[in-house]
Amino acid sequence: MAFCQVIVDIAHEDVDRVFTYRVPQGMKLCPGMRVHVPFGRQHRIEGVVVGMTEDCDLPESRVRDVSDTLEDYPAVLPALLELAKDIKATSFCTLAQALRLMIPAQMRGERIREKTKEMAVLTVDPAVRGQVIASQARAPKRAAILKLLVNSENGELSCEELRAQLGDYRTALQALVKMGFARIEKREVMRSPYGAMERLAQADPELTAQQKEVLSSLLPAMDAGEGAFLLYGVTGSGKTEVFIRAVRHAAQQGKTAIVLVPEIALTPQMVMWFRSRFGEDAAVLHSRLSPGERYDEWRRIRRGDVRVVIGARSAIFAPLENIGLIIIDEEHEASYVADNTPRYDARELAKMRCAREGAVLLLASATPSMRSFALSGRGDLTLLEMPRRVKNRPLPDVHVIDMRQELAQGNRSVFSGAMLDGLKRCMDAGKQAILFVNRRGYATFVSCRSCGYVVNCSQCDVSMTYHSTEGILRCHYCGQEQNVPSVCPECASKYIKYFGTGTQRVEEEVRRFFPDVPVLRMDNDTTRAKDAHEHLIAQFRRGEARILVGTQMIAKGLDFPNVTMVGIIAADAMLNLPDYRSAERTFQLLTQVAGRAGRADTPGEVYLQTYDPEHYAIETASRQDYRAFYETEMHRRRRALYPPYTLIARLLYEADREQDASREAESAMRQMEAFLERRSYLRKYVISLRVMPCPVKRIKGKFRWQVTLKIVDKLVCQEAVGKMSEIALTPLEGCVCVCQVNPGSMM
Ligand code: ADP
Ligand code: ZN
Ligand code: ZN
């Protein structure tokens with residue numbers, strides 16, 4: 001008798017274990033296959049087989065049969081089953097939740113179908129074709145169908161095509177089928193997401209010395225099947241070409257590769273590069289795919305039809321077998337960490353996949369994350385460097401412009417005099433320019449336009465956030481509140497304002513100063529339509545516009561050879577967000593944006609406008625000096641006890657009634673206190689443990705309370721975070737709870 005162990009697709013702690021079912025006679029099952037099973041009073045629910053056994057401890061009568069299988073192959077590969085278990089262990093979720101990551105959402109609940117088309121296929125021997133056509137001379141439709149089929153490439157045409165050519169063809173075709181001259185076949189079609197894509201040159205460039213050197217470390221590691229690297233390469237150093245060669249090496253070894261890029265950098269351009277070099281061997285997974293396209297790409301991957309998968313965070317779950325290489329480009333990006341349950345970090349999962357499947361890990365960035373650079377210092381990652389741009393092109397010249405002085409001189413425009421001059425020179429030279437407007441942090445903090453003073457929390461070293469509904473300032477870390485000052489406490493200026501300038505305003509100003517220059521704007525408003533993003537980029541590349549005004553979405557990955565000038569309207573907009581990473585994010589963003597200039601043969605110029613030119617993030621970014629930034633920032637993090645030295649974990653409770661949220665939060669607080677009481681060895685690492693209403697007390701009608709834990713980042717301390725995650729899994733009445741670790745926002 002054969003039995004199987006099934007994880008049912010219910011994300012509830014109470015059923016977070018395997019259930020045993022009998023395998024009916026003749027059913028072929030193996031681990032990773034999806035099945036329907038009866039469960040409790042439910043007649044039929046989905047589950048994943050995670051193990052097979054010959055015998056079973058339960059009495060025969062209590063074991064039920066598997067109803068049927070959803071596919072005739074394992075949808076979850078063995079290595080991904082193991083990865084799901086890792087996720088359960090490290091993200092403290094149920095195995096059912098972890099397994100959901102492994103299959104496209106559309107496959108669950110059978111919400112999607114394979115797309116098929118009908119084909120008319122000729123079944124007549126070539127030798128007698130003429131005769132057969134002649135025999136139908138009195139039935140012109142039939143003869144016409146036969147002629148079309150005979151002249152087609154493989155003696156077949158889609159019924160759609162027949163209809164287009166002949167109008168009503170059906171009766172005639174059915175007659176031909178009856179006579180044995182043709183048959184109708186249903187065939188699966190793959191939806192292709194690569195419709196109207198530009199094609200680029202496919203030839204390989206000669207590698208630069210730096211690229212060769214990096215590959216000379218990477219490729220032998222791939223041959224050995226182990227190694228983890230951090231590639232720190234300045235913008236324009238040619239990292240993409242390194243990726244392409246390494247991926248090709250994997251293919252030559254008979255292996256496969258995953259290339260992760262941040263969603264925002266997953267530009268059509270990036271997709272096009274890989275498609276033009278790897279053709280059908282590349283699959284792409286990104287959020288602009290329709291559910292059908294996503295499902296078809298997934299199946300192409302699962303069937304082993306592709307060599308390389310390029311995708312955003314969740315592509316780490318691509319069902320590739322025989323992986324030789326996982327690349328994570330722009331590894332510093334926050335988007336590699338999932339914010340919903342299960343909360344996973346794609347970089348950590350990549351490390352686990354590589355170790356288990358004998359693959360090499362390559363993290364790459366022009367501005368590596370604090371954590372990865374620190375790991376490379378300790379030898380956990382091998383550091384590879386590309387300090388120079390391709391062809392020794394210079395890094396762009398960065399002009400830092402002090403906007404306080406502009407104001408002092410009476411300039412209230414969004415452009416400084418210097419930036420305007422730079423833009424004029426660029427237009428006169430017939431080149432293109434990018435103007436970058438930072439939308440994050442728009443109008444959320446208060447600063448002085450005269451001296452740059454920012455209202456900060458006295459306790460937390462972060463800026464206070466302006467709450468327009470109540471008209472007050474509040475600290476998002478500790479909850480402290482104060483009124484908006486009417487004059488600057490530093491210099492007594494009355495120009496103390498909410499900060500921020502939108503893309504529309506910048507576009508208007510450009511049109512005012514350059515009425516004859518065509519301008520494009522790229523932001524959330526102009527890219528809402530499907531493919532709008534692609535179209536705007538293609539338009540700009542073709543030179544149909546000379547100036548591109550945009551947000552974060554133009555900061556990364558784009559390579560426009562004709563762009564020689566980049567203007568950053570307000571470099572410090574993000575600096576004062578209530579987030580301990582705001583300096584790091586600012587440095588990264590400025591470096592990336594500046595890196596868009598001067599990527600071809602004319603050197604680039606960057607104009608960076610700021611109210612805070614002495615800030616170390618701005619100052620080091622203007623020199624593109626990553627190491628200097630890293631040193632200063634690490635020092636600050638150590639002093640202020642921020643990650644990577646500490647972990648900040650919080651339990652967030654949301655409820656319709658405030659008393660439900662506060663009651664549960666306070667109960668969680670007591671559980672945590674009791675837990676730490678028992679684990680006395682953890683106590684010395686705890687910096688703070690607090691329960692309080694969230695800084696933003698109500699969002700979308702829900703009242704919010706939180707328990708926050710700040711603890712030294714040591715392995716043993718994971719236990720405390722684990723306890724919090726466990727608390728978060730407890731089912732609650734009238735209240736929802738999530739556990740977050742180092743959350744991007746503490747609001
Ligand atoms: P990064 O990702 O490091 O910012 P890219 O990979 O976009 O840099 O490369 C910058 C530019 O240099 C691109 O236009 C790319 O086509 C070009 N490039 C890269 N490698 C070479 C090479 N070996 N020879 C000539 N051009 C190259
Ligand atoms: Zn001031
Ligand atoms: Zn505070």
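Both ligands and their constituent atoms are indexed starting at 1 by order of listing.
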Enquirer: Any N/O of Lys391 closer than 3.5 Å to an N/O of ligand 1?
Expert: no
Enquirer: Does the N or O separation between Gly236 and ligand 1 drop below 3.5 Å for any pair?
Expert: yes
Enquirer: For residues Gln588 and Glu330, is any side-chain donor paired with an opposing acceptor at under 3.5 Å?
Expert: no
Enquirer: What pairs with Glu226 under side-chain hydrogen bond (donor to acceptor under 3.5 Å, both in side chains), at least two apart in sequence or on another chain?
Expert: none
Enquirer: Between the side chains of Arg389 and Thr235, does any donor sit under 3.5 Å from an acceptor?
Expert: yes
Enquirer: Considering both backbone and side-chain atoms of Thr240, is one of its nitrogen or oxygen atoms within less than 3.5 Å of a nitrogen or oxygen in ligand 1?
Expert: yes
Enquirer: Using a strict 4.0 Å cut-off to heavy atoms of Thr208, name the atoms of ligand 1 that fall inside it.
Expert: 23 (N)
Enquirer: Considering only heavy atoms, does Ser237 approach ligand 1 within less than 4.0 Å through its side chain, its backbone, both, or neither?
Expert: both
Enquirer: Given Asp329, Val390, Leu231, identify the one with the heavy atom nearest to atom 27 (C) of ligand 1.
Expert: Val390
Enquirer: Just checking Tyr344 against Phe317, ring centres under 6.0 Å apart?
Expert: yes
Enquirer: Could you tell me whether Glu206 approaches ligand 1 through its side chain, its backbone, both or neither, with non-hydrogen atoms closer than 4.0 Å?
Expert: backbone
Enquirer: With no hydrogens and no angle check, do the side chains of Glu331 and Ser369 hold a donor and an acceptor under 3.5 Å apart?
Expert: yes
Enquirer: If we ignore angles and hydrogens, is there a donor and acceptor under 3.5 Å between the side chains of Thr620 and Asp625?
Expert: no
